[in-house]
Amino acid sequence: MLAKKESPRKEIAATKTLKKIMANHFYDLDEAARTGSKKIAWCTSVGPAELLRGMGFLVYFPENHGAMLGATRMATELIPHANAIGYSPDICSYLTSDIGSYLAKKTPLTKAYNIKSVPRPDVLVFNTNQCRDVQDWFSWYGREFGVPVIGVHTHRDIGQIRDYQIKDIAKQIEDLVPPLEEVSGQKFDMDRFREAVELSRQCSVLWRTCLETAAAIPSPWTFFDHTIHMGPAVVARGTKEAVDYYELLLEELNQRIESGIAAVEGEKYRLYWEGMPIWGKLRPLSELFISLKTCIVASTYCNSWIFDQLDPEEPFESMARAYTELFIVRDEAYKEQYIKNCHEFFKFHGIIFHDAKTCPNNSNNRYGMPERLSKKMGIPTLTINGDLNDLRCYSEEQAKTNVEAFIEQLEEN
Amino acid sequence: MAEEVFAGVDVGASRTKVALLNKDKEVLGCAVRKSGTDFARTSELALGEALEMAGVRKEDITFSVATGYGRKNVIYADDTRTEIGCHAKGAFHFFPMAITVIDIGGQDNKIIKLDERGRRLSFKMNRKCAAGTGAFLEEMAMRLDIPLEEMEGLARQAVETVELGSFCTVFSATEVLEKIRQGKKVPDIVKGLFLSVIKRVLEMDSLTERVVMTGGVVEYNPYLVVMMRERTGLEIMVPERPQLTGAIGAALYGMEEVAEAAAA
């Protein structure tokens, strides 16, 4: 019998609870879809989830399904199905793998939870703060299922945030209420909405605190852990389960710090990850960095679900603020300052930019930022070419050599 | 006591190079072989050749460092380093000053910037595509039905340069066939292909005042260096055996490791 190769990664005990939360999330959706017991809204990952929960919808996030398609390495095989019906291989590979998954009638939910298909939506709600692709993506399903597609159109390239921008987004979110009432058949209840906003705020504050534990030297967890444990912040924000989960996780992380437990044994170097994860390569990349005694301590991506501006006293305005202050919609100057602030807080030695072929909005290396930041911050940067889901765009050997050479460079200087 | 010998083995995607250095950093022996598919065997054979040339026995090697795409397949290596590190180390050995190293290899290109102490400031590798690498020239030689080794001579005979527009190797091949149909001369097309390599390299990064070119493509096609000089107006330096730069760098790393261990 072949001996099972032991992974050098240190499992987080809370993962057991995390798995239960994720499983229940999908079981609830599946049941509602099969029985019609509750209305289902599909929502973009940084869409108005609080409003949907406050209006009694069960919320499903196709981007989360996209990430699962990537992590299970099903995406590369499914993307061509969407390409064949006119969706270019150059656009978002979450979109193409998700639509491909629907066309091929294959979903990772089957193997993970014995669920046959994604839950049929009653309404699709987007926020273009991630990109225009989310609207195109939801529009495809809107036509397929014959259900309404509504959403929020974000402002972009924002420097200083102006009142008119907040008012506009708040009004756009408020304008979603009548069509959602029509779909749900229920009157909007302000108290329920406020409750969802408050729970989402608590979840955000705890998620931020969890991420900030990585400032400890050595760090108790890594970016690769963050990408897994962010699940509840994405799919369950606005619920009590998510809040309870991050309290549990935080306790474990603090315990690790107290006991001096390092996620990367003998941590020598600390890095920042800018851009999307390469979902299908999380494990080999995580093990590569461990072998190089390098911990990726923070990332823009996992910080993107921090919405502590949320305020139940001003639910629409505070949601507008939370979704407008987001990194992805800001101008270059803001983004650079943001990463500089992270550098001061997390004390990393270098930055890895992931140039994701199909995700321009999350590939911040394309307008000279690595060069500018390297000069301003006096630390080296490395750009890796790849993609979030389409592994045809990723050369493992080249990426590995680049990472190894980058660590050699840190060692020698 | 036998002289200390340090081996550097650079297993590239196209060629495997071995350099044996004594402690005065002189090359005692070297070898270049096609890498093929069995990297372990090729690196053994290449080492054997280099040992024979140096008149040294394998057991007399003090330390071996492997580098390149197949570095993990070199069974006898004591350590491995990336080709980026080794090309930097090798280039700085020959030109100890602040330099930009351009390595044009069989399947990838690198641009590495070093400060006056030889410390790496930054590096870039070509993206997934092999345009502008040795593989591009090999493919084009095949399409033009000319031996690879004749390209250098043909480029030097060019009267004008036939510029090619495409990034893509496959589309470039179509473009080359189109130029032939238009009656363009082969030497002019070959010079255009060389220019294409240079353009791909210059797109990767900015250059500093002093540039060192390394790698097999430059060793067999030194006219590329002439063209790079003309194109950039910069001083371009080339080691005597540019193809061995990575292997020499690897051997130098080995020498440092032994010295560090002795000092510890």
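Every chain is numbered from 1, with letters handed out A, B, ... down the list of sequences. Every value quoted in this text rests on a predicted model; they were computed, and no experiment measured them.
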Quiz: residues 132-139 of chain B side-chain donor-acceptor pairs under 3.5 angstrom, not counting sequence neighbours:
{"residue": "B:Thr133", "atom": "OG1", "partner": "B:Gly106", "partner atom": "O", "Å": "3.3"}
{"residue": "B:Thr133", "atom": "OG1", "partner": "B:Ala130", "partner atom": "O", "Å": "2.7"}
{"residue": "B:Thr133", "atom": "OG1", "partner": "B:Ala135", "partner atom": "N", "Å": "3.2"}
{"residue": "B:Glu139", "atom": "OE2", "partner": "B:Arg143", "partner atom": "NE", "Å": "3.2"}

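With A:Thr300 as the fixed residue, the side chain to side chain donor-acceptor pair (under 3.5 Å) test singles out one of A:Trp273, A:Tyr272, A:Tyr338: A:Tyr272. None of A:Asn361, A:Leu95, A:Thr96 except one satisfies the side chain to side chain contact (heavy atoms under 4.5 Å, CB included) rule with A:Asp133; the exception is A:Leu95.
Both the backbone and the side chain of B:Arg81 come within less than 4.5 Å of a heavy atom of chain A. Only the side chain of B:Lys72 comes within less than 4.5 Å of a heavy atom in chain A; its backbone stays farther off. For A:Ile384, no part sits under 4.5 Å from any heavy atom of chain B, backbone or side chain. Neither the backbone nor the side chain of B:Ile112 comes within contact range of chain A; no heavy atom of the residue lies under 4.5 Å from a heavy atom of that chain. B:Lys124 touches chain A through its side chain: at least one heavy atom from C-beta onward sits under 4.5 Å away, while N, CA, C and O do not.
Although no hydrogens or angles enter the test, the distance criterion places a donor-acceptor pair under 3.5 Å between the side chain of B:Thr62 and the main chain of B:Val5. A donor-acceptor contact shorter than 3.5 Å is absent between the side chain of A:Ser97 and the backbone of A:Leu78.
Under 3.5 Å, the side chains of A:Asp390 and A:Thr358 contain no donor-acceptor pair of N or O atoms.
Close approach to chain B, defined as a heavy atom under 4.5 Å from one of its heavy atoms, is seen in A:Thr401, A:Asn402, A:Glu404, A:Ala405, A:Phe406, A:Glu408, A:Gln409, A:Glu412, A:Asn413 of residues 401-413 of chain A, taken by number.
We find that A:Glu287 and A:Arg283 are joined by a salt bridge, their nearest charged nitrogen and carboxylate oxygen being less than 4.0 Å apart. Between B:Arg41 and B:Glu44, none of the side-chain N atoms (NZ, or NE/NH1/NH2) sits under 4.0 Å from a carboxylate O, so this pair counts as no salt bridge.
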